[in-house]
Amino acid sequence: MIKTIFNAWKIKDIRTKMLYTLILIVVYRLGSFIPVPGVDAAALGKMVSQYDFLSFLDLFSGGSLSQFSIFAMGISPYITGSIIMQLLSIAIPALEKLSKEDDGRKKIEKITRYVGVGLALIQSVSIVVGLNSMSGNLLKSISWFGTSGFGTFMNGFMPYITVGFTCTAGTAFLMWMGERITEKGIGNGVSMLIFASIVSSVPQVVINLINGTFQIAPVVNSSGTALAFKWWYSIAVIVVVLILTMGVIMVDKAVRRIPVQYAKRVVGRKLYGGQSTHIPLKANANGVMPLIFAMTILQVPAMIGQFWPNGGFYKFVSIYLSARTNNVAGLAIYYVIYALLIVGFAYFYSSITFNPIEISKNLQQNGGFIPGIRPGRPTSEYLQKKCSRLTLFGALFLMVIAIVPTVLLKVLDITVLSAFGPTSILIMISVSLEIAEQLDSLMLMRAYKGFLG
């Protein structure tokens, strides 16, 4: 693999793509340390770890939220906007018609950006309003307009205006950055930004684990309590990570091959067809998207409740829609809803990305058929059946990989991976494999030996 990276680096256009991606990721990480004016980041950072919704945003923003930098909202609002638009494309016939046209898809993508920007504005302001109402000391006075009269009025609202516009601009910039990575870099832009965010937290997790286990240096959590892990913590964590890694790689590489035979036909004086090939259907074609969708949707009630942190709705969400609750019934309800959302979004995403009717038409037009299956509708039904089974397998795999290790670590009282759990590991591995496959395809196009060779 190292040799392949060196070979890729020697090719100018691939090297340009790699450098372009790295430069944008460096810009993203540098921006994560530029604070938003008007907010006490230290006080806010202490409160972030107390809430599931904020911890989720902090993980996917690479710690930007706990430092409340200009990228505090990360790319999550855009992901939420994409989910909303995809759901509306099924519910609204006009949007469904647009989604089937090239120009229509561009319009939907443009609307998605606006939705993401709007969500970033609402989300950033709601977080500061909610947390400030609880602590009362998160906002700093901004005297840009003087200290009396109009200036006094603005001092009450200016911090909220500053936070809203700064965080919204940061999310808009990340959306642009993700699109540029997709077009001119390596991998999917949004996935790369999430990958970079999660990877940035790995060193600190490893340091905390080592320090807490061997007591090299005192490790203090957000509440000020010193952490001291048992000697078998490290072993348990390493075993869980290795099992997750092996499982994800095996399932990601698993392919169900549907045999296809092409009939012989004479065109002019040449004989075409008569070849045997296959249609590769991946065991988990949806990748990590159902997990991201499910996690995002589960955070929506907490985001709404953040406006009224002392209200009954937020207390209900904290008990029954939180992975941190100590209520056994609430924890069971949370994971059941989580599992159902994973399955639902797996089938939803599969219905968008895989069209058996179109594949069946293409096979029939090119003289191809599946042995034992009649062309036309029987072929599309057969492909749909196989796809549904693989989707169910992929959804069940994602459920197991996301829920079982988390519950196991919770039972064993291993909280060192609370912000870096199985879902994060799954995302990192999936994105890494995606990058490796793209580099491999670029290398194979130039007759170089690739990752899979």
Side-chain angles (χ1 to χ4, degrees), residues 22 24-80 120 123-124 126-128 130-131 135 138 163 166-175 177-178 181 189-212 217 219-224 227 237 292 295-296 299 302-303 306 323-324 415-428 431-432:
L22 288 173
L24 289 184
I25 290 177
V26 169
V27 171
Y28 168 48
R29 293 308 305 156
L30 289 176
S32 300
F33 297 96
I34 301 175
V36 174
V39 178
D40 188 345
L44 185 142
K46 294 179 180 179
M47 303 183 68
V48 166
S49 61
Q50 301 177 15
Y51 302 94
D52 280 340
F53 169 60
L54 299 183
S55 297
F56 170 80
L57 289 181
D58 193 40
L59 173 65
F60 278 76
S61 65
S64 298
L65 179 60
S66 58
Q67 302 176 40
F68 218 79
S69 70
I70 58 175
F71 295 148
M73 296 300 102
I75 199 70
S76 297
Y78 176 74
I79 297 175
T80 306
Q123 201 166 280
S124 58
S126 66
I127 289 174
V128 175
L131 294 182
S135 67
L138 292 182
V163 168
T166 304
C167 293
T168 302
T171 297
F173 182 72
L174 289 181
M175 288 162 50
M177 192 182 297
I181 292 176
V190 175
S191 299
M192 286 296 296
L193 293 178
I194 296 175
F195 174 80
S197 300
I198 297 176
V199 168
S200 66
S201 66
V202 174
Q204 190 60 48
V205 171
V206 174
I207 291 173
N208 289 343
L209 179 63
I210 295 174
N211 290 341
V219 182
V220 181
N221 61 15
S222 58
S223 61
L227 302 178
V237 170
I292 296 177
M295 291 175 64
T296 304
Q299 306 309 317
M303 182 180 69
Q306 200 69 51
R324 297 188 180 186
T415 57
V416 67
L417 294 180
S418 58
F420 177 62
T423 304
S424 303
I425 296 173
L426 176 62
I427 293 173
M428 287 192 295
V431 175
S432 300

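As a basis for the values below, the full set of heavy atoms in this structure was taken, side chains included, without hydrogen atoms, waters or symmetry mates. For reference, positions follow the sequence shown, starting with 1.
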So, do M428 and V202 sit near enough that their side-chain heavy atoms are less than 4.5 Å apart?
yes

From S76 atom OG to I194 atom CD1, the distance as rounded to the nearest 0.5 Å
6.5 Å

Testing the basics here: between A120 and M73, what is the closest heavy-atom pair and its distance to 0.1 Å?
O-CG, 4.1 Å

Point-to-point distance, once rounded to the nearest 0.5 Å, from CD1 of I75 to CG of L193
5.5 Å

Residues 167-175 side chain polar contacts: donor-acceptor under 3.5 Å, at least two apart:
from	atom 1	to	atom 2	distance (Å)
T168	OG1	L121	N	3.3
T168	OG1	G164	O	2.6
T171	OG1	G74	O	3.3
T171	OG1	C167	O	3.3

Going from OG1 on T80 to CD on Q123, what distance comes out if it is rounded to the nearest 0.5 angstrom?
6.5 Å

Of the non-hydrogen atoms in S66 and G63, which two are nearest, and what is the gap between them?
OG-O, 2.9 Å

Would you indicate whether the side-chain heavy atoms of F195 and I25 approach each other to under 4.5 Å?
no

Roughly how far, to the nearest 0.5 Å, is CG of L65 from OG of S124?
10.5 Å

Over all atoms of both residues, closest heavy-atom pair of Q67 and F33
OE1-CD2, 3.3 Å

For Y28, all residues meeting ring-ring contact (aromatic ring centres under 6.0 Å, His included), sequence neighbours excluded:
F71

Check whether any side-chain N or O of S61 sits under 3.5 Å from a backbone N or O of D58 as a donor-acceptor pair, and report yes or no.
yes

